[in-house]
Amino acid sequence: MNALRLVLMRDLMLAVRRPEHCVHPLAFFLLVTTLFPLAISPQLSQLRLIAPGVLWVAALLSALLALEFLFRDDAADGTLEQYALSGQSLTWLLLAKTAAHWLLTGLPLALVAPLAGAALGVPVSAFPGITATLGLGSLALSLIGSIGAALTLGVRRGGVLLSILVLPLVVPVLIFGSQATTLAIRGEAVAAPMELLGAIVVLAVTLAPLAAAAAVRISLE
Amino acid sequence: MSRYNLRAENLHLWRGDRHVLKGVSLSANPGEVLQLTGVNGAGKTTLLRALCGLAHPEQGRVLWAGRDVRADLAGFHAVTIYLGHEAPLKPDLTARENLRFWIGLRRPLTATELDSALAETTATTFADRPVRTLSAGQKRRVALAGLLLCRAPLWLLDEPTTNLDTAGQALVSRLVSAHAAAGNLVIAAVHQGLQVEAHRLNRFELAA
């Protein structure tokens, strides 16, 4: 447990010293979502219809940008090697890393999403719903994405490959997430898609770190 | 104090179609320093990585205390430290923070222990600077402090003297001797600058 706390604290401290890895995907998310009113029409009634899709696709792309750096620096400076040789379970250490990654990228994204939503005509009453769905959804994205990030460690310029690997895997998250967001905007109950998102998160928490650890071991060889 | 020995039996390892380790067998006993030599590209790094379990040999096995290390890799890693030619330090953290996170994963550390290890490798003066601002030799000294702190009986060192000045090389020799004298094992790939008492030193030449 102490080891998990150390990994988490270290990643948070690194993010404070070098915030661009978290700030850039967030800025990207806000920029992409504000392009839609400019490109389509400033009419809020029209934008409201596409808002869930816009928010989710932008969140997905921004998550992919952030995922590229999940393990890259640690692989380059030998930290992952030392994790694998620490005598601690690599699976748990990577879970702690992924948790830190979500705290630094997914959670802030969920918190600023209402801001982007406002530009797309989302009513204030739907703000809590949007933050909740994107918060849970981005957790699933971080976990599933950690497998892709680990698999592409050995690949030079693995960003595109990472997208190709991860995007098909996160389609269910996109479907249930944007469904929940649509319901939240309409002011209807979001419980059903949220429960399915929760189930995906539980499944991902259980399996993704195992797969990521196996992939990291291969990349270290 | 370690009563155990490390033995490698007939290790074969391929990298693609290159046969890097061609049936390497060696053994190291407590109190001993095993110096790996060999021309560049002979596979010293690969051998060290195979010994610590990072690389998987296609054939052969590594035994610690007579047991295959693959049977309990986490247990073996708890008594082993591998130091590659790059020190595993984060550029944006200070030397002290780096050690706290890196070695803290292996065992609880106190501030006094940290201070005395940094003093022993004469790294105190730059311990609170971000590692990014340190020279390669200074980073190496910080890594050596980590080596002291982890208290692992088995040291696997890849070129521990690179980037170090004469005083630094003497420091490595002193640390390695002291570690072996305490009944532990050191296996080091090193070309020059390692001064260890002759009765402790064994050489193993890797054929290219």
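On a predicted model such as this, the values are computed, not experimentally measured, just so you know. Sequence lines set the chain letters: A, B, ... in the order given, protein chains first and strands last, and positions in each chain run from 1.
- For Pro88(B) against Gly78(A), the heavy-atom pair with the smallest separation is CB-O, 3.8 Å.
- Under the 4.5 Å side-chain criterion, counting only non-hydrogen atoms from C-beta, Asp77(A) is not in contact with Glu86(B).
- For residues 17-38 of chain B, every residue pair satisfying the ring pair (Phe, Tyr, Trp, His ring centres under 6.0 Å) rule, not counting sequence neighbours, is listed here: His12(B)-His19(B), Trp14(B)-His19(B).
- Counting only residues at least two apart or on different chains, no ring pair (Phe, Tyr, Trp, His ring centres under 6.0 Å) pair has a member in residues 103-134 of chain B.
- Per-residue counts of heavy-atom pairs under 4.5 Å with chain A were compared for Phe101(B), Phe76(B), Tyr82(B); the largest is that of Phe101(B).
- Within the 4.5 angstrom heavy-atom criterion, only backbone atoms of Leu89(B) (N, CA, C, O) approach chain A.
- Between chain B and the residues Leu6(A), Leu4(A), Thr79(A), Asn2(A), the most heavy-atom pairs under 4.5 angstrom are made by Leu6(A).
- Heavy atoms of Arg132(B) lying under 4.5 Å from chain A belong exclusively to its side chain.
- Residue Arg129(B) qualifies as enclosed at atom CZ: its count of foreign heavy atoms under 6.0 Å is above 12.
- Looking at heavy atoms from C-beta onward, Leu54(B) lies in side-chain contact with Leu85(A) at the 4.5 angstrom threshold.
- Only the side chain of Pro91(B) comes within less than 4.5 Å of a heavy atom in chain A; its backbone stays farther off.
- For the salt bridge (Lys or Arg N to Asp or Glu O under 4.0 Å) criterion with Lys90(B), the lone passing option out of Asp74(A), Asp11(A), Asp73(A) is Asp74(A).
- Residues Arg17(A) and Glu97(B) are in side-chain contact: their nearest non-hydrogen atoms beyond the backbone lie under 4.5 Å apart.
- The part of Arg18(A) that comes within reach of chain B is its side chain, from C-beta onward, which places non-hydrogen atoms under 4.5 angstrom from that chain.
- With a threshold of 4.5 angstrom between heavy atoms, Ala87(B) approaches chain A through N, CA, C or O but not through any side-chain atom.
- Nearest heavy-atom pair across Arg49(B) and Leu220(A) is NH2-O, 2.6 Å.
- Only the side chain of Leu93(A) comes within less than 4.5 Å of a heavy atom in chain B; its backbone stays farther off.
- Between Leu105(B) and Gln82(A), every side-chain heavy-atom pair lies at or beyond the 4.5 Å cut-off.
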